[in-house]
Amino acid sequence: MLLSTPHLQTPQVVGILGGMGPAAGADFVRLFVQACTDRMAALGIPVHDQAYPEHWLAQVPIPDRTAALHDTRPGAHQPADPMLQATGRLAALGARVVAIACNTAHAWHGLLQQRFPQLVVLHGVQEVAADLALRKVHGVGLLATQGAYEAGLYQRELEHRDIDCFVPEPRERDQLMQGIYDGVKAGNYALARQRFEAVSLVLQQRYGISTLIMGCTEIPLALSEHSRLEGLTLVNPSLVLAAALARHAYGSMGAGVSPTAASSTPRALV
């Protein structure tokens with residue numbers, strides 16, 4: 001007598017919108033693979049090569065987001081068109097959920113979601129705010145790009161969760177931008193780490209905070225080791241977003257599992 005084999009579910013195809021910058025996009029894939037491993041463990045799914053979701057990285061050149069937010073005139077300096085084109089390619093490859101591997105690029109999240117209603121375009125900033133609220137964090141410092149500060153991306157979402165957001169002074173923001181552009185993007189990680197640590201310590205001392213959001217994908221690439229930042233918990237939004245993407249990828253396979261089960265450990269923070 002032949003025995004019927006149970007239908008094996010497969011995770012959803014997902015996409016990653018990268019290229020902002022390329023090193024951060026590539027690092028996000030690594031974080032996503034680890035998040036999938038954690039998610040499978042939480043769901044009791046045997047971990048093997050074939051159990052990981054099909055995932056596509058669109059590593060495309062996209063104009064500078066901060067510069068575009070400063071100059072809103074139409075033109076080739078605007079990132080919207082290449083972001084839309086790359087998202088369309090991810091959709092054509094079968095992706096049903098897309099993560100944006102750039103904090104500042106979330107200024108265009110609404111446009112992407114509007115143009116691609118068939119996709120779930122994850123909002124990484126909202127994911128971070130929700131994660132912090134779940135942990136009962138009431139105040140955070142924010143390291144970010146000038147564009148992200150001016151657009152209020154994190155300030156707005158954190159306020160909705162009753163979380164105070166403390167930001168650097170203009171001179172300190174210039175230090176962060178130097179660390180991002182002359183540091184990480186130029187391959188000078190020692191310079192980047194020095195600038196990021198200096199601003200982090202100032203925020204800690206000025207506001208008495210114990211939690212700091214690394215709100216630009218380049219910052220964790222240089223600030224992963226934080227021995228000089230004793231007493232500060234560093235929140236890596238890419239880790240939180242990677243965990244959210246993994247939850248969506250395995251969503252139909254996780255009946256009865258809390259949606260925060262795989263992201264409620266310290267791994268989602270540092």
Side-chain angles (χ1 to χ4, degrees), residues 1-60 86-103 105 112 116 118-124 126-128 130-131 134-135 214 217-218 220-221 224-225 233-270:
M1 183 176 71
L2 292 176
L3 297 176
S4 61
T5 343
H7 174 68
L8 296 177
Q9 289 181 301
T10 56
Q12 286 196 90
V13 181
V14 302
I16 299 162
L17 183 56
M20 304 175 281
D27 190 59
F28 186 87
V29 176
R30 177 185 65 84
L31 298 176
F32 173 64
V33 170
Q34 182 59 57
C36 289
T37 304
D38 295 343
R39 188 63 181 161
M40 284 187 275
L43 297 175
I45 298 171
V47 178
H48 53 81
D49 289 354
Q50 293 73 32
Y52 288 86
E54 181 179 333
H55 53 283
W56 296 89
L57 170 63
Q59 194 82 298
V60 298
T87 304
R89 291 174 192 151
L90 292 172
L93 289 167
R96 291 296 170 262
V97 187
V98 171
I100 306 169
C102 171
N103 289 262
L112 294 177
F116 296 95
Q118 76 276 27
L119 301 179
V120 174
V121 182
L122 296 178
H123 197 300
Q126 291 179 358
E127 294 288 345
V128 171
D131 191 69
L134 183 68
R135 299 170 194 281
M214 299 183 287
T217 47
E218 266 83 17
L221 299 180
S224 56
E225 298 176 6
T233 296
L234 299 181
V235 178
N236 184 348
S238 293
L239 277 170
V240 178
L241 182 58
L245 187 60
R247 289 199 303 272
H248 279 268
Y250 291 96
S252 61
M253 305 169 70
V257 177
S258 165
T260 56
S263 67
S264 58
T265 66
R267 180 183 292 277
L269 287 181
V270 296

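These numbers come from the heavy atoms of this one structure, side chains and all, not from hydrogens, waters or symmetry mates.
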Inset, instruction - Identify the heavy atoms of A95 and L119 that sit nearest to each other, and give their distance. - result: O-CD2, 3.0 Å
Legend entry - F28: partners by ring-ring contact (aromatic ring centres under 6.0 Å, His included), with sequence neighbours left out: none
Inset, instruction - Enumerate the residue pairs fulfilling salt bridge (charged side-chain N to carboxylate O under 4.0 Å, His left out) with a member in residues 42-60, sequence neighbours excluded, ordered by first and then second residue. - result: none
Legend entry - Which atom of A86 lies closest to which atom of A58, heavy atoms considered: CB-CB, 4.1 Å
Inset, instruction - Taking side-chain contact (heavy atoms from CB on, under 4.5 Å) as the test, write out the residues that go with E127, two or more places apart. - result: L122, V240, A244, R247
Legend entry - Distance-minimising heavy-atom pair for T217 and A101: CG2-O, 3.5 Å
In residues 15-26, what donor-acceptor pairs under 3.5 Å come from side-chain atoms, sequence neighbours left out?
none

Inset, instruction - Answer yes or no: is there a side-chain heavy-atom contact under 4.5 Å between L31 and Q34? - result: no
Inset, instruction - Can you see which heavy atom on A51 is nearest to which on M40, and at what distance? - result: CB-SD, 3.4 Å
Legend entry - Test item: V60 and R89 side chains (from C-beta on) under 4.5 Å apart, heavy atoms: yes
Legend entry - Inter- and intrachain pairs under salt bridge (charged side-chain N to carboxylate O under 4.0 Å, His left out), touching residues 25-34, at least two apart: D27-R30
Legend entry - Atom of Y52, atom of Y250 and distance for their closest heavy-atom approach: CA-OH, 3.4 Å
Inset, instruction - Pick out which of V14, L90, V29 makes a side-chain contact (heavy atoms from CB on, under 4.5 Å) with W56. - result: L90
Legend entry - Spacing of M214 atom CE and L221 atom CG [to the nearest 0.5 Å]: 9.5 Å
Legend entry - Straight-line distance of L43 CG to C36 SG, nearest 0.5 Å: 10.5 Å
Legend entry - Sequence neighbours excluded, every pair satisfying salt bridge (charged side-chain N to carboxylate O under 4.0 Å, His left out) that has a member inside residues 234-246: none
Inset, instruction - Using side-chain contact (heavy atoms from CB on, under 4.5 Å) as the criterion, list what pairs up with Q118, not counting sequence neighbours. - result: A91, F116
Inset, instruction - Find the distance between OG1 (T87) and CD1 (I100) and round it off to the nearest 0.5 Å. - result: 7.0 Å
